[in-house]
2 protein chains.
Amino acid sequence: MNTAPIIKHFSNYSPLSDSEISELKSKLIEKKVKRRQFILQEGDVCKHYTFVVSGCFKMYKVDDKGQEHNLQFAIENGWIADIGSFHTDKPSELYIEALEQSIVLQISKPDLIYLYSHYPKFDRNFRVLIENAFISLQKRVLQNISSTAEERYLYFLKSYPNLFNRISNVQIASYIGVTPEFLSKIRKSIATK
Amino acid sequence: MNTAPIIKHFSNYSPLSDSEISELKSKLIEKKVKRRQFILQEGDVCKHYTFVVSGCFKMYKVDDKGQEHNLQFAIENGWIADIGSFHTDKPSELYIEALEQSIVLQISKPDLIYLYSHYPKFDRNFRVLIENAFISLQKRVLQNISSTAEERYLYFLKSYPNLFNRISNVQIASYIGVTPEFLSKIRKSIATK
DNA sequence: AAAAAATCTTAAGCTAGTTTAACCCAAATG
DNA sequence: CATTTGGGTTAAACTAGCTTAAGATTTTTT
């Protein structure tokens, strides 16, 4: 099990001691996930926080008309989970699906709570994690209520320079909240500027 | 200083012991805020988490054209802060302004960190607090990328039944991301259904 | 290697939401 | 009490973004 990436990831926040590392390792579950495979489906309770070692995922909602709306992507060294479902134990409305062949490390809620209560550092690290997620989500809300689709597209390119050339424009369109046809128009208009 | 509401508020998460209560009390700063007064302005670092004892606030961004975009409201027993600025110590892009005469209890970052490190319960309570804020923000993002303005308006009324008859439609329009004129149209169309 | 499925683009017609401007009424201010 | 300010509505003209449909290309699956 390749745990080096997640240990390095935590060391960016506040480095882990040897005992914290060995406890963390004992709680992690490694999973190989094929392209198009789901690690969460609508109706299921989200039972794990998922750390991406390699590969790429999207989390999205399917609306009444059957259309997908991307809420989040995750690539190497990123986390993905339906935090709402995870913490409330209620069925999720979301799907998490691999866009590429991927390897992940998962941690269950009881194991996370165990780490929280025995090692305050995990408490702190996960709070910082969610604070950061909150901050970037807040920026996105502001963008959505105040910017044009073109501005949102440019902001996406700027914010995720390692992602945009790895996923299809269909996925980007679904993330910024426009149709693929309109994104195509935007891209043309940007190119001819 | 009227600290009963905040103590009751925390007891909804995980009740505080006597020593936790007295420590919390010693860290709180009470403030009376007049209508239209700011507790945060663009360019300033957000130095406090603010708990609303009575009254009402809006947090918003002013765009290049001078237009306001409401990110959040807070009424009795709610929290308000620019969490991004608070945690990074960077200047805020946001304003927090009282919509009514208000009374608040504020806690500074050093005091919050003190409470975190001495009393794990605050750690837990504030993590749950921010988790909940994250969850409702995520719902809002989904709404913004997948719903019409009318759906967003109806969802706002449903989500904030104690707020919509207390603030102006101009404020609601700014929150759901439409012009006041168009909200007026929406309201008419709903009324004649 | 062939077939199936997904991607990207273009274009015409349509709809949701904006802009500008004017008017009315209620509420805050001097 | 008089006046300014802000809130809510209406309407006409405009624009951003959607829908439907079709065609060319690439990628995935068999």
Side-chain angles (χ1 to χ4, degrees), chain A residues 33-37 55-56 58 60 62-70 97-102 143-157 163-193, chain B residues 34-37 55-56 58 60 62-70 73 97-102 143-157 163-193:
Chain A
V33 188
K34 286 185 194 151
R35 188 175 147 82
R36 298 216 173 119
Q37 193 181 329
C56 183
K58 62 174 171 177
Y60 60 94
V62 178
D63 70 18
D64 316 326
K65 294 171 197 153
Q67 263 175 321
E68 295 180 10
H69 301 279
N70 285 339
E97 181 185 336
L99 290 169
E100 302 172 0
Q101 174 142 354
S102 304
Q143 274 252 325
N144 283 334
I145 60 176
S146 68
S147 305
T148 63
E150 177 170 327
E151 288 167 334
R152 296 198 306 271
Y153 176 63
L154 292 171
Y155 182 74
F156 179 85
L157 297 186
L163 188 56
F164 80 91
N165 46 8
R166 196 165 155 182
I167 61 180
S168 74
N169 288 321
V170 175
Q171 298 306 326
I172 297 177
S174 166
Y175 183 90
I176 64 174
V178 296
T179 59
E181 293 83 357
F182 191 62
L183 177 54
S184 188
K185 238 183 187 172
I186 291 172
R187 285 159 50 76
K188 191 183 178 187
S189 131
I190 290 170
T192 60
K193 263 177 189 167
Chain B
K34 285 185 196 152
R35 188 174 144 84
R36 298 213 174 122
Q37 193 181 329
C56 182
K58 62 174 172 179
Y60 60 93
V62 177
D63 70 19
D64 316 328
K65 294 171 197 152
Q67 264 175 322
E68 296 181 8
H69 301 278
N70 286 339
F73 297 108
E97 182 185 338
L99 290 168
E100 303 172 0
Q101 172 139 357
S102 304
Q143 274 251 324
N144 283 335
I145 62 178
S146 69
S147 305
T148 63
E150 178 171 326
E151 289 167 333
R152 297 198 305 273
Y153 176 61
L154 292 172
Y155 182 74
F156 179 86
L157 297 186
L163 188 55
F164 80 92
N165 46 9
R166 195 164 155 182
I167 62 180
S168 74
N169 288 323
V170 174
Q171 298 306 325
I172 297 176
S174 166
Y175 182 92
I176 63 174
V178 296
T179 59
E181 292 82 358
F182 190 61
L183 178 54
S184 189
K185 242 184 186 169
I186 291 172
R187 287 160 48 77
K188 191 183 176 185
S189 130
I190 291 171
T192 59
K193 265 178 187 164

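Everything numeric in this text was worked out from a predicted model, so none of it was measured. The sequence lines fix the lettering, A, B, ..., with proteins before strands; numbering per chain opens at 1.
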Margin query: At less than 4.0 Å, is any side-chain N or O atom of A/N169 found next to OP1 or OP2 of C/dC8? Yes or no.
Written below: yes
Check: Is A/S184 near enough to C/dC8 that one of its side-chain N or O atoms lies under 4.0 angstrom from OP1 or OP2?
Finding: no
Note to self: Check for me whether A/K185 meets the cation-pi criterion with A/F182, that is, NZ or CZ under 6.0 Å from the six-membered ring centre and within 45 degrees of the ring axis.
What the structure shows: no
Is there a side-chain contact between [X] and [Y] (heavy atoms, below 4.5 Å)?
X	Y	answer
A/Q67	A/V62	no
A/K58	A/Q171	yes
B/S184	B/N169	no

Next item on the list: Pull out every residue in residues 170-180 of chain A that has a heavy atom closer than 4.0 Å to any atom of DNA chain C, ordered by number, or say none.
Entry: A/V170
Rounded to the nearest Å, what distance is computed from the [atom1] atom of residue [X] to the [atom2] atom of nucleotide [N]?
X	N	atom1	atom2	answer
B/E151	C/dA16	CD	P	11 Å
B/K185	C/dT15	NZ	P	13 Å
A/I186	C/dC8	CD1	P	14 Å
B/E150	C/dG17	CD	C1'	13 Å
A/K188	C/dT7	NZ	C1'	18 Å
B/K65	C/dT18	NZ	C1'	10 Å

Check: For DNA chain D, whose closest nucleotide is more 5', that of B/R187 or that of A/A149?
Finding: B/R187
Next item on the list: State the dot-bracket string of DNA chain D. Criteria: Watson-Crick or G-U wobble, both atom distances under 3.5 angstrom; notation: ( ) intrastrand, [ ] crossing earlier pairs, | interstrand, . unpaired.
Entry: ||||||.|||||||||||||||||||||||
Item checked: Heavy-atom contact window of chain B on DNA chain D, given 5' to 3' at under 4.0 Å -> D/dG7 to D/dT10
Under a 3.5 Å distance rule, please check whether [X] uses its side chain to pair with a backbone N or O of [Y] as donor and acceptor.
X	Y	value
A/R36	A/E97	no
A/S174	A/E68	yes
A/S102	A/A98	no

Check: Between B/R35 and A/R36, who's closer to the 5' end of DNA chain C by nearest nucleotide?
Finding: A/R36
Next item on the list: Identify the residue among B/R166, B/R35, B/K34 that makes a side-chain hydrogen bond (donor to acceptor under 3.5 Å, both in side chains) with B/E100.
Entry: B/R166
Notebook entry, point to check: Where do B/I176 and B/A149 come nearest, in terms of heavy atoms and distance?
Noted result: CD1-O, 4.1 Å
Next item on the list: Can you see which heavy atom on A/L163 is nearest to which on A/C56, and at what distance?
Entry: CD1-SG, 4.0 Å
Checklist line | Ring centroid separation B/Y175 to B/F73 under 6.0 Å | finding: yes
Notebook entry, point to check: When you measure from the side chain of B/E181, which nucleotide among C/dT20, C/dT18, C/dT9 comes out closest?
Noted result: C/dT20
